[in-house]
Every structure is written in C-alpha cells, then in structure tokens.
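Quantities reported herein were computed from a predicted structural model and do not represent experimental measurements. Whatever order the structure lists them in is the order used to number ligands and atoms, beginning at 1.
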Amino acid sequence: MAVEEGKLVTETETNRESKEHQEEIELHRNDLGLEDSSSSSSSSPRGVLGITAMASDTDNNNSSSYSSCSSFSSDDKSSSTSTSPVSNIPNKNVSSSSHSLQWTKMIESIKKKSIRRFTVIPFLASYQLTRKNLRRKQPILSPSENSFFMAKPSWRNFTYEELAAATEDFNPENMIGKGGHAEVYKGVLPDGETIAIKKVMSHNKKEEERVSDFLSELGIIAHVNHTNAAKLLGFSIDRGLHFVLEYSPHGSLATMLFGTKKCLEWKIRYKVALGIADGLSYLHNDCPRRIIHRDIKASNILLSRDYDAQISDFGLAKWLPENWSHHVVSPIEGTFGYMAPEYFIHGIVDEKIDVFAFGVLLLEIITGRRAVDTASRQSIVAWVILIPLINPDQGSS
Ligand SMILES: Nc1ncnc2c1ncn2[C@@H]1O[C@H](COP(=O)(O)OP(=O)(O)OP(=O)(O)O)[C@@H](O)[C@H]1O
C-alpha cells in the first residue's frame, strides 16, 4: 500500500489505522498509569517518553533535525541500541514546575500530531503492547527478537552531573566530533568505561521541536540491538538533551577514509563493507521494527576497536509497518550524493534507498573518493558511469 507522509491512500485505511493507533495510545496510557488521554499533564519524562513512544511520528521529521538544505551540504553524525520497558526509566530528573509545563505542552503537541501521522516507533512503549504487536505481525520470532524480550534494559537515564564528571565539565579538549546538530564528547564513567556523549545543539529550533526530534531518535535507537549498529548506553534530559553512546575508538569511516594519510587496509575495508551490509539487513529484516535509516553515509558509520562497522545516527530513520510497500515523505532530507533518485525526486522511502546509499558507500570504500568531489562537485556515481565513456580501456579492464 502506498502511503503519503502522515496519510494513507484510502479513506477507509486511514480511519482504520487512526483507530488502531488511537487504541494503542489508550493501551499505553493505561500501561503508564496515565488517567485520561484528553488531559495528560504528566510532568515526568517517563510519561512523556511513553506517550511519544507510541504516539509520535516521523513527521517530527518535518521538524526534524536534518533540514534538507543543511544535510545537502556536508557530512557527519552518529547514534545507537537496546531496549527497555518504560517502567525502568527513572523520572527523577525533571521536577520544577516550569519543566513540568514544558513536558505537558510537549505531550499535548505530540498527541495532536500522533493521530494523523505515524512515523516514530512506539518505543519505550509498554513491553506487553510491543510484544502483542510483534506477535501479530511476526508469529515466529527471530533470535534477535527473542533476545529483545528477554534482555534487561541496558541503558539508563544519566544525570547532568554524571555527564559533566565524565567529560570534565564538557571540556573542549574532550570533544571528539561535531556535526550540524550535535557536539560529541569523550567521557569516562566512574567504573572506567569510556563513553561518547552526543549533546544536541540544534539552536535554530524551538525547544519543543528539539525535544520531539530527540524522542523520535531515541524511540528508534531503543529498538536496535546489533553488532553493526551503534550502541546506546543511555540518555539525559537534564540541562539539555544528550545521547550516551558506546565509544567507538576509531571514530567514523569518513575520518578513516578521508581524514588521515594512512591507507586503510583492504581486509579492513572488506570487513567494514560486510558489517554495513549486515547492519542494514538487520534494520530492514530482523529488527523488531522495520527501520529505514535514510542517511547512510561514511560519517554515519562508526568503527569499533576491532573495526566492526556500526551504523549510527538514527535522526532521520523511519519505521515502516510491515504491510506498507513504501512511504512518501516531505520534506526530503538526507545527504547529497547518497540519495536514490526516487527518493530525491519523489520522496519515496523504502529499503532500496538505504541500499542505494550503501552502493555509494561501497564506491567510496573501494576508490577512496568522496560521494561528491568537493572541487569538481562531481558525484561518484556519475564519475563511475563516465569512466568507460571517457576512457574505454579503463572501463573494460
Ligand atoms: N560513539 C562515538 N564514538 C566515537 N566518535 C563518535 C561517536 N559518535 C559520534 N562520533 C564522532 O562525532 C562526529 C559527529 O557526531 P554526529 O555525526 O553524531 O553529529 P551530528 O550533529 O548528528 O551530525 P550531522 O551533521 O550529520 O547531523 C561523528 O562523525 C564521529 O566522528
């Protein structure tokens, strides 16, 4: 079934999905112990997260952190993993009345959007409900899905003080990366574990939008649990929005390919390429939810100590219901040079757009050229297609 951003093609389908979605909201509300869907005023992040979880939408991406324009210009970012029932999220961080008002407003806004739009994963959602949905859609669970249910949540809510202590008060010397929407700091926890803290910096957005984007991304990464995806250790909504991620010692693939003079060994390139393919296959086929990443590129692939590729940055990711062939989005967001023509022109989102981007990434891994050459502004895809035309001998060899 073809679906346009936030609206299904037929009226009947629209009604049915809305009704189902509404029911899910009520189930979640009950599960979270919230009273009435029309008067939600929970001040706790737990309530907010829960409602957003099942209610929100990627159309948050209408307001998403990645604007078409900015994303077109350059590269760089990250993200990650794991799952948890909402009951495990402590709610000690937000207590002031102004904060409570903010959350309340945000809940209301997300609730309004949620009925019409259907994009973000019902995340920190009720364990029971998620299980029910999965059973309905996938009677036989894969090992990864089983572990999804069995596993205890591995991530938690950090306080600002913990993050500040880990990073020496966000000392600039500990900044290991900066993208268009975040600064990333290296930190060390009291038990010696090294972490990466992604501090959301989209100052050009309204608070509500920023929080909504943050929750959307958190909702997606909370469902991801695979060697080839970045791993979420926790988050913090205390004095700013932060993702706490496992630290990837080799940084991003972009740095390894383009940022150093050292040549990356072929066997590592090969391992990285296979890892990305495995990670994508997991997101598309084996993850508890069907996830389309939408921003596969070299700077969104992190490298573990053993050079395992880790797909990161789920800020643009969308989940698609099993019975939707594709989804049509607006605005079109992504990174120039990696976007599949059908996505770039028509906003069509399905697995193939990630596969197209992966193809571009393979060309970068093999040739060491960037997706778009900054000097000539030529795309690597055009370059590859033109080689045999310009130099027939090279093309046939
Ligand atoms: N877990 C991590 N471990 C090590 N380095 C990381 C980690 N996460 C991010 N980085 C580094 O920080 C850089 C910037 O982070 P990130 O790409 O997440 O920011 P962003 O604002 O989302 O980017 P964008 O401009 O694409 O929106 C990455 O390219 C990478 O080099």
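Contact atoms of ligand 1 toward Ala196: 1 (N), 2 (C), 3 (N) (distance under 4.0 Å to a heavy atom of the residue). Taking a cut-off of under 4.0 Å to the non-hydrogen atoms of Ile176, the atoms of ligand 1 that pass are 4 (C), 5 (N). Listed by number with element, the atoms of ligand 1 under 4.0 Å from a non-hydrogen atom of Lys198 are 18 (O), 22 (O). Counting atoms of ligand 1 from 1 in the listed order, those under 4.0 Å from a heavy atom of Ser299 are 29 (O).
Taking each of Met175, His181, Met256, Lys178 in turn, the one with a heavy atom nearest to atom 14 (C) of ligand 1 proves to be Lys178. Evaluated by nearest non-hydrogen atom to atom 30 (C) of ligand 1, the leading choice among Leu302, Val184, Thr335, Leu303 is Leu302.
Ser248 contributes no side-chain N or O that, together with a main-chain N or O of His250, makes up a donor-acceptor pair within less than 3.5 Å.
Because its NZ or CZ atom is not both nearer than 6.0 Å to the ring centre of Trp319 and within 45° of the ring axis, Arg290 does not count as a cation-pi partner of that residue. A cation-pi arrangement is absent between Arg210 and Phe214, since the terminal nitrogen or guanidinium carbon is not both under 6.0 Å from the aromatic centre and inside a 45° cone about the axis.
Taking 4.0 Å as the cut-off, Met201 does not count as a neighbour of ligand 1 on heavy-atom distance. Every heavy atom of Ser312 sits 4.0 Å or more from the atoms of ligand 1.
The aromatic rings of Tyr160 and His242 lie tilted to each other, with the angle between the two planes from 30° to 60°.
Under the rule for a salt bridge (charged side-chain N to carboxylate O under 4.0 Å, His left out), the partners of Lys271 that lie at least two apart in sequence or sit in another chain are Asp308. Checked against salt bridge (charged side-chain N to carboxylate O under 4.0 Å, His left out), Glu173 has no partners two or more places apart in sequence or in another chain.
Checked against a 3.5 angstrom limit, the closest N/O atoms of Asp295 and ligand 1 fall outside it. Considering backbone and side-chain atoms alike, Thr255 places every N or O at 3.5 Å or more from each N or O of ligand 1. For a threshold of 3.5 Å applied to N or O pairs, the pair formed by Tyr247 and ligand 1 contains no separation below that value.
Using a 4.0 Å cut-off between heavy atoms, Lys297 contacts ligand 1 through its side chain alone, with no backbone atom that close.
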